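Take a look at the structure below.
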There are 4 protein chains.
Amino acid sequence: MSADPETPLRADAQRNRDQIIAAARVIFASHGPEVPMEEIARAAGVGVGTLYRRFPDRDALIRAVAVDNFAGVLDNAKRLSVEAPSAWEALVQLLYHGAELQLSMQLAMLSQRAHEILKDDPEVAHLREAVLLEVDDLVVRAQAEGALRKDVGAGDVAVVFARIVRQLPAHRLKTPELATARSIAIMIDGLRAGPVTPLPGRPLGKDDLI
Amino acid sequence: MSADPETPLRADAQRNRDQIIAAARVIFASHGPEVPMEEIARAAGVGVGTLYRRFPDRDALIRAVAVDNFAGVLDNAKRLSVEAPSAWEALVQLLYHGAELQLSMQLAMLSQRAHEILKDDPEVAHLREAVLLEVDDLVVRAQAEGALRKDVGAGDVAVVFARIVRQLPAHRLKTPELATARSIAIMIDGLRAGPVTPLPGRPLGKDDLI
Amino acid sequence: MSADPETPLRADAQRNRDQIIAAARVIFASHGPEVPMEEIARAAGVGVGTLYRRFPDRDALIRAVAVDNFAGVLDNAKRLSVEAPSAWEALVQLLYHGAELQLSMQLAMLSQRAHEILKDDPEVAHLREAVLLEVDDLVVRAQAEGALRKDVGAGDVAVVFARIVRQLPAHRLKTPELATARSIAIMIDGLRAGPVTPLPGRPLGKDDLI
Amino acid sequence: MSADPETPLRADAQRNRDQIIAAARVIFASHGPEVPMEEIARAAGVGVGTLYRRFPDRDALIRAVAVDNFAGVLDNAKRLSVEAPSAWEALVQLLYHGAELQLSMQLAMLSQRAHEILKDDPEVAHLREAVLLEVDDLVVRAQAEGALRKDVGAGDVAVVFARIVRQLPAHRLKTPELATARSIAIMIDGLRAGPVTPLPGRPLGKDDLI
DNA sequence: TATGAATGAGATTTCATTCAT
DNA sequence: GATGAATGAAATCTCATTCAT
């Protein structure tokens, strides 16, 4: 009789929920958000019915995966902000080890479908804001460190991030990891302080997104 | 019942074919290659029947759009190679005005579905090869000009291109054109010769793709 | 594991059983016998599991509700037969206060599904027979009283009952109670002895049903 | 390219549409409005796809059947109003030969589901109003003829109609046609002018419905 | 030849029933 | 014994493709 949305799930139900989100994360990342629900259920090792009991429709599942992901990114950013040797290094790490970042970006920025679903979700909005605040802080500090070029803002960094994290499909490359690492390194060089070419317009802040 | 593939189409049939490809290009670019055939037909102002008479199935349509696009990119690259003030400038122009480039990349590299379809098509393979040859030439010349960093190959450039051209969805940005222009400029700065950070591995050539 | 069907239920189990039947009665009456089992369980304030422990499947529940109802109608008819000032009045009362009558009729006569389930149930058959005997008695006595027209039998009366008790959905009427009362009164006027129009055929007795 | 809703259907499409409505009418009448769409399609001799092309969902089909039916009732009423020997006779005929009347009533008044769907449809509303106007006229005239009791209005008549037309399921009766005819006759006797019992309240007019 | 109607396979979603907690 | 989670069969609906007009 627990209509209360706060009632914690039963142990087995929680386990299933986690498995479903994990499976959906992997599949969404590799095949986009349109894969048959049945396939996701199978990958999670549950029946479709279970999937639908936990998430009333595809949108709810996408939302849940997105929230889970943004939360992961936020954790990561906060941890790196404290533990990395410098703010610049924190930004760089965030990129290189950005599996979660990647999916978040993909869901939030790259798929029309996903965007429609997420754009008005308050939980997503809240996490997004928190992540951008963290990035904003890193940007300011990395500029103070003299490592990040001065003419960019958190918005610029987020946009470059979004482009970078878009995983190139492995199938087109003989040496996919190397190619990825190299292209990220090249783009990071573009962000570095030093003898840069002037950019058009003005620095884009975190509020220039949306 | 002209089975001869070389028979030129009647004028109106050719017009239909062109309209369909044009419509499909726009829709594929904005919504990916999974949109209902009926929608494409409607956008082209023809009935589904006509679409299917011209292209026996979705794969054939995707192939035709891809060929059309690669051909456009090749034209562009050849023209820029001759007309641009420098090889570096040609590469930069290719990026900034890369609407066709974008769709080619998206079709060829970003969508699992499209990739499956295109990977064994000889016409696509031929055009791809021609484009990469052109890029290879520009890369060598731009390095000789001292404008492009020495430690990259045509493969690296193509990978960075692929990341760059992935259009950020306008809906997430207040100032989409500006954001795009800025992020491209940042990434190009990463390609520039000058005081660069060492890249991992070795330069990737055009044959490191696929 | 008392397989003995006669073992009385534990007090709480009996309470659950009663709640379920009460809830099902209300829901069947308003939405027909196809409502989701979960909804019935919720309305009864129990889990589905409990519902299924008490009634092995939907059919069993429908049967139980029908039995409960017919028993109520029988009680009612017997009481009215004794307490009402006349047999005619007993028939009229049976109609006007026929909530249970209504559901019985609906289950037994109006829903294809319910009919299939009930038609071979011996307990239902027995109660039905008992109710019809009671009505038969009232019919004979009401005709002897000179109140009920002579050319009808218990079968006719049951059929008219079935039509009358079909509750008109309140949502279609501005003044639902009044409309119901008036239409019942009109139809009862049709049953009254007096200057009547001849009916086709012969009086239908209780054995003309089924 | 005929997006115009007024464009007449192609001959074969119109034939299918008609067959679907005819099949749905029969099935709705005997099994209610919840039967599987596939079954309706099969009965109409078309594929499900065709059914869904013509009627985007079940609601649309229900609406179409209802409109078709109300139109039939209206035709019937108008014809009888002119051709029947008296207004009273017209009302009686409307009842006895009320196959369409029956389904209309069932759809409009008896099924919760159907009512929700129809209650805001303007076309249905318009036809309903037209039918009630016709009945209103017949009521006034039948009262002037001295055949219909004076203390009823069109609303009362419609309510009694609704109760009458609810076909008793044949499976419960040995002699279903006879039983139906007799019960209708009995109820009509209740509507007759003559020595009647006073009804509660006031006559209900056509605007007391809804 | 162009059109859009028809088809049916497959995807989404619901719900009766079973079973772990 | 009670609960509500899990299951999968069945219903709803969509869309690629074929075919009559």
Side-chain angles (χ1 to χ4, degrees), chain A residues 1-3 7 9-17 20 34-41 44-59 61, chain B residues 1 9-10 12-13 16 34-42 45-59 61, chain C residues 1 9-10 12-13 16 34-42 45-59 61, chain D residues 1-3 7 9-17 20 34-41 44-59 61:
Chain A
M1 217 178 310
S2 67
T7 305
L9 289 175
R10 231 167 64 181
D12 54 345
Q14 182 64 50
R15 186 164 48 256
N16 277 337
R17 203 193 122 98
I20 291 170
E34 310 274 64
V35 273
M37 295 295 264
E38 187 120 20
E39 199 169 311
I40 297 171
V46 304
V48 238
T50 303
L51 199 168
Y52 273 93
R53 164 177 279 266
R54 225 32 83 204
F55 307 97
D57 57 18
R58 181 187 295 280
D59 289 8
L61 177 58
Chain B
M1 196 144 3
L9 292 173
R10 246 173 49 182
D12 54 347
N16 278 340
E34 311 273 68
V35 274
M37 294 297 263
E38 186 121 19
E39 200 168 313
I40 297 171
R42 189 166 39 248
V46 303
V48 242
T50 304
L51 197 169
Y52 273 91
R53 163 171 289 268
R54 252 352 115 213
F55 307 96
D57 56 17
R58 179 188 296 277
D59 288 8
L61 177 57
Chain C
M1 206 161 335
L9 291 174
R10 242 171 54 181
D12 55 347
N16 278 341
E34 310 273 68
V35 274
M37 295 296 263
E38 186 122 18
E39 201 169 311
I40 298 172
R42 190 166 39 247
V46 303
V48 244
T50 304
L51 197 168
Y52 272 91
R53 162 170 289 268
R54 247 2 108 211
F55 308 96
D57 58 17
R58 178 188 294 279
D59 289 6
L61 177 58
Chain D
M1 218 177 308
S2 68
T7 306
L9 289 175
R10 232 168 63 179
D12 54 347
Q14 182 63 52
R15 185 163 53 257
N16 277 337
R17 203 195 122 97
I20 291 169
E34 310 273 67
V35 272
M37 295 295 264
E38 186 120 20
E39 199 168 311
I40 297 172
V46 302
V48 238
T50 304
L51 199 168
Y52 274 94
R53 164 178 280 266
R54 227 31 85 205
F55 307 97
D57 56 19
R58 181 187 295 282
D59 289 7
L61 177 58

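Reminder, nothing fancy here: chain letters follow the sequence lines and each chain counts from 1. Since the structure is predicted, the reported quantities are computational estimates derived from the model, not experimental observations.
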Quiz item: Which pair of non-hydrogen atoms, one from A:L51 and one from A:I20, has the smallest distance, and what is that distance?
Solution: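 Shortest heavy-atom contact: CA-CD1, 3.8 Å.
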Quiz item: At their closest point, which heavy atom of D:R53 faces which heavy atom of B:E38, and how far apart are they?
Solution: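 Minimum heavy-atom separation between D:R53 and B:E38: NH2-OE2, 4.4 Å.
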Exercise. Report the base-pairing partner of E:dA11 (Watson-Crick or G-U wobble, both distances below 3.5 angstrom), or none.
Key: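 Base partner found: F:dT12.
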Quiz prompt | Complement of F:dA20, any strand, by Watson-Crick or G-U distances under 3.5 angstrom | solution =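 Matched F:dA20 with E:dT3 under the 3.5 Å cut-off.
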Phosphate oxygens OP1/OP2 of [N]: is one of them under 4.0 Å from a side-chain N or O of [X]?
{"X": "D:T50", "N": "E:dA5", "answer": "no"}
{"X": "C:R54", "N": "F:dA2", "answer": "yes"}
{"X": "C:N16", "N": "F:dG1", "answer": "no"}

Self-check item: B:D57 or A:G45, whichever maps to the more 5' nucleotide of DNA chain F
Solution: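 Of the two residues, A:G45 wins.
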Quiz prompt | Residue whose closest nucleotide on DNA chain F lies nearer the 5' end, B:V35 versus A:G49 | solution =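 Whichever sits nearer the 5' end wins; that is A:G49.
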Practice problem: Remember a base hit wins even if backbone is also touched, and classify A:V48 as base, sugar-phosphate or nothing at under 4.0 Å, heavy atoms. | Solution: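 The answer is base, as A:V48 lies within the cut-off (heavy atoms under 4.0 Å) of a base atom.
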Quiz item: With distance as the sole test, does C:R54 use its side chain to make a donor-acceptor pair with the main-chain N or O of C:L61 at under 3.5 Å?
Solution: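 Judged by distance alone, no pair lies under 3.5 Å.
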Quiz prompt | Side-chain donor or acceptor of D:R17 paired with backbone N/O of D:F55 under 3.5 Å | solution =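 A pair under 3.5 Å: no.
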Starting at [atom1] of [X] and ending at [atom2] of [N], how long is that distance when rounded to a whole Å?
{"X": "D:I40", "N": "F:dA11", "atom1": "CD1", "atom2": "C1'", "value": "12 Å"}
{"X": "A:E38", "N": "F:dG8", "atom1": "CD", "atom2": "C1'", "value": "9 Å"}
{"X": "B:E39", "N": "F:dA16", "atom1": "CD", "atom2": "C1'", "value": "14 Å"}
{"X": "D:M37", "N": "F:dT14", "atom1": "CE", "atom2": "P", "value": "10 Å"}
{"X": "D:L51", "N": "F:dA11", "atom1": "CG", "atom2": "C1'", "value": "14 Å"}
{"X": "D:L61", "N": "F:dC13", "atom1": "CG", "atom2": "P", "value": "11 Å"}
{"X": "D:F55", "N": "F:dT12", "atom1": "CZ", "atom2": "P", "value": "16 Å"}
{"X": "A:E34", "N": "E:dG10", "atom1": "CD", "atom2": "P", "value": "19 Å"}

Quiz item: Toward the 5' end of DNA chain E, which comes first, C:D59 or A:D12, by nearest nucleotide?
Solution: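 Its nucleotide being nearer the 5' end, the pick is C:D59.
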From [options], pick the nucleotide closest to the side chain of [X]?
{"X": "D:Y52", "options": "F:dC13, E:dT17, E:dA2", "value": "F:dC13"}
{"X": "A:R58", "options": "E:dA16, E:dA5, E:dA11", "value": "E:dA11"}
{"X": "C:R53", "options": "F:dA2, E:dC15, E:dA2", "value": "F:dA2"}

